[in-house]
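A quick note: this is a predicted structure, and the numbers were derived from the prediction, not measured.
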Protein chains: 2
Amino acid sequence: MTDTFKQHLRKFVDIDEEEFAEILSYFTVLEVGKKENLLTEGGMCKSCFFVLSGCLRMFFINEKGVEQTTQFAIENWWITDNMAYEHEQPSAFYIQAVENSQVMILHHYSQEELLQQFPKMERYFRFIYQRAYAASQRRIKFLYEFTREELYHHFNDHYPEFVQRTPQYLIASYLGFTPEYLSEIRSRVRS
Amino acid sequence: MTDTFKQHLRKFVDIDEEEFAEILSYFTVLEVGKKENLLTEGGMCKSCFFVLSGCLRMFFINEKGVEQTTQFAIENWWITDNMAYEHEQPSAFYIQAVENSQVMILHHYSQEELLQQFPKMERYFRFIYQRAYAASQRRIKFLYEFTREELYHHFNDHYPEFVQRTPQYLIASYLGFTPEYLSEIRSRVRS
DNA sequence: CGATTTTTTGAATCATATCAACGTACGTGG
DNA sequence: CCACGTACGTTGATATGATTCAAAAAATCG
């Protein structure tokens, strides 16, 4: 199952079998069940998570006690609270499995060693963060550009399978509005 | 004036004088006047910009013809449309000087050469993007967590000098609401 | 099948936008 | 260095997108 990761890595850097085996040794593989937490708000954030299969989400609980989802991570995506990870501080978020998932865990100190041993991985992570940042910039643009309803249509058009397989209240949470309002939007489309 | 950049670089990687001189040769230094554009929506995005002094902003023009600012960059920050830069595609944004500014320009092909010659710089940019991504994640959290009014107070509390020296309509644009509403918020504070 | 979770509906309310008009400040040319 | 014009900021009335709350309907799970 770590083959997923090998394919993915090789899109960015040249890695032979031997190297890959060594690189793998810096990671831990973990199965997480639906609704299980990998990280809790206030807990120390000492790892990043790479999704081999399934789906994770990141959320926080706002002052009204409502869960606000800020990110999903599906196959081939990394997820963590990077601010907390970088400074080894308590996290501002929860990370939870949306479905039963397989995850690779990279501890902060393992990452440091990995980067020392394999300068290639420095390059790999540079790509990853650059890409993640680029996606984030565009996402912020959408948040400013679109009404909530437009956000929904946009998301639905770009990730129809994902919208299919994920409960609506999570989609609403990710898009930053209430499930009731999503229901209203959908009823407008139907009629 | 490129000393600013040297100090900054040295926070992340060890660079001696000789190396720094060589690294510098990959960059171009440019003075931009207030309101001058460094990048235009639809134009090819072939460079990143590092701010030595002054202030830049990134914005797009929404369907109503209103400028929406999505980012500011002050001293020691990089700014570009990373999605467009990575894929050498037309930009979705404008980048404009808010004040007279000094900027270092790194062309995409120069960056590639630079990274080949100086693996250290791979590490440097990995840090930069990681940090930028982390900041972006937190920003998205704030966008979900706070009302527009709270966003203003938060921004005002964290960057009071910046709010002082920047026209209100740009602050409003960055926070995603109208100048009229900002006026209303301020009048509430006053009373 | 019943119990729990998720989605839908509708009415009242709130945060923020819009538009228009007026006041203020500021920079540029004389 | 002043005056004028344009850009910026404020105010108030009205409109709109989205939330809240309560309750019913539908879907899912053990």
Side-chain angles (χ1 to χ4, degrees), chain A residues 33-36 55 57 59-69 72 96-100 142-156 160 162-191, chain B residues 33-37 54-55 57 59-69 72 96-100 142-156 160 162-191:
Chain A
K34 188 170 166 172
K35 304 240 172 181
E36 237 179 89
C55 177
R57 70 177 177 121
F59 67 93
F60 67 96
I61 297 183
N62 70 20
E63 77 222 5
K64 287 172 190 147
V66 175
E67 293 181 2
Q68 284 282 353
T69 302
F72 289 112
Q96 187 179 85
V98 174
E99 310 165 351
N100 296 333
F142 295 144
L143 288 173
Y144 280 111
E145 189 171 18
F146 296 142
T147 64
R148 301 305 187 172
E149 176 161 7
E150 288 167 338
L151 276 179
Y152 170 70
H153 293 308
H154 188 260
F155 191 65
N156 202 31
F162 188 78
V163 173
Q164 286 309 316
R165 85 182 202 217
T166 309
Q168 276 180 217
Y169 70 93
L170 284 186
I171 304 287
S173 171
Y174 175 71
L175 296 174
F177 49 74
T178 61
E180 290 94 330
Y181 190 57
L182 178 48
S183 215
E184 196 182 319
I185 293 171
R186 282 164 51 88
S187 81
R188 274 205 286 275
V189 174
R190 254 176 278 135
S191 59
Chain B
K34 187 170 168 172
K35 305 240 172 181
E36 238 179 88
N37 284 331
C55 177
R57 71 177 178 123
F59 67 94
F60 67 95
I61 297 184
N62 70 19
E63 77 221 5
K64 286 173 191 145
V66 175
E67 293 180 3
Q68 285 280 355
T69 301
F72 289 110
Q96 187 178 86
V98 174
E99 310 167 351
N100 296 333
F142 294 144
L143 288 173
Y144 282 110
E145 188 170 19
F146 296 143
T147 65
R148 301 305 187 171
E149 176 161 7
E150 287 167 339
L151 276 180
Y152 170 71
H153 293 308
H154 188 261
F155 191 65
N156 201 31
F162 188 78
V163 173
Q164 287 309 317
R165 84 182 202 216
T166 308
Q168 276 181 217
Y169 69 95
L170 285 185
I171 304 289
S173 170
Y174 175 72
L175 297 175
F177 50 73
T178 59
E180 290 95 328
Y181 190 55
L182 177 49
S183 222
E184 196 182 320
I185 293 170
R186 283 165 49 89
S187 81
R188 273 207 286 275
V189 174
R190 252 177 279 136
S191 60

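Taking the six-membered ring wherever Trp is involved, the centroid distance between the rings of Phe60(A) and Tyr144(B) does not fall below 6.0 Å.
Rounded to an integer number of Å, the gap from CD1 of Ile185(A) to C1' of dG17(D) is 10 Å. In this structure, Phe146(A) places its CZ atom 22 Å from P of dT16(D), rounding to the nearest Å. Atom-to-atom, CG of Asn62(B) to P of dT18(C) comes out at 9 Å; the value is rounded to the nearest Å. In this structure, Leu151(A) places its CG atom 14 Å from P of dG17(D), rounding to the nearest Å. Here the C1' atom of nucleotide dT6(C) and the CD atom of Glu67(A) are 14 Å apart, to the nearest Å. Atom CZ in Arg148(B) sits roughly 20 Å away from atom P in dC14(C) (whole-Å rounding). One can place CG of Leu182(A) at 9 Å from C1' of dT7(C), the figure rounded to the nearest angstrom.
For Tyr169(B), the side-chain atoms get nearest to dG9(D) when compared with the rest of dA17(C), dT11(D), dG9(D). The nucleotide whose nearest atom lies closest to any side-chain atom of Thr147(B) is, among dA18(D), dT8(C), dA15(C), dA15(C). In the set dT10(D), dT11(D), dA18(D), the nucleotide with an atom closest to the side chain of Phe177(A) is dA18(D). Each of dT7(C), dA18(D), dT11(D) was ranked by its minimum atom distance to the side chain of Ser183(B); first place goes to dT11(D). Of all nucleotides listed (dT16(C), dC8(D), dT19(D)), dT16(C) comes nearest to the side chain of Glu149(B).
Closest non-hydrogen pair, Phe142(B) versus Leu151(B), comes out as O-CD2, 3.7 Å.
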Apply ring-ring contact (aromatic ring centres under 6.0 Å, His included) to Phe72(A) and Phe162(A), showing your working. CA-CA 10 Å; Phe72(A) 289 112; Phe162(A) 188 78; 4.8 Å; yes

Are there any protein N/O atoms within less than 3.5 Å of an N/O atom in nucleotides 20-27 of chain D, and if so, which ones and at what distance?
{"residue": "dT20(D)", "atom": "OP1", "partner": "Lys64(A)", "partner atom": "NZ", "Å": "2.7"}

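The only member of Glu67(B), Lys35(B), Arg57(B) that meets side chain to side chain donor-acceptor pair (under 3.5 Å) when paired with Gln96(B) is Arg57(B).
Taking 4.0 angstrom as the limit, Arg186(A) places a side-chain polar atom (N or O) nearer than this to OP1 or OP2 of dT8(C).
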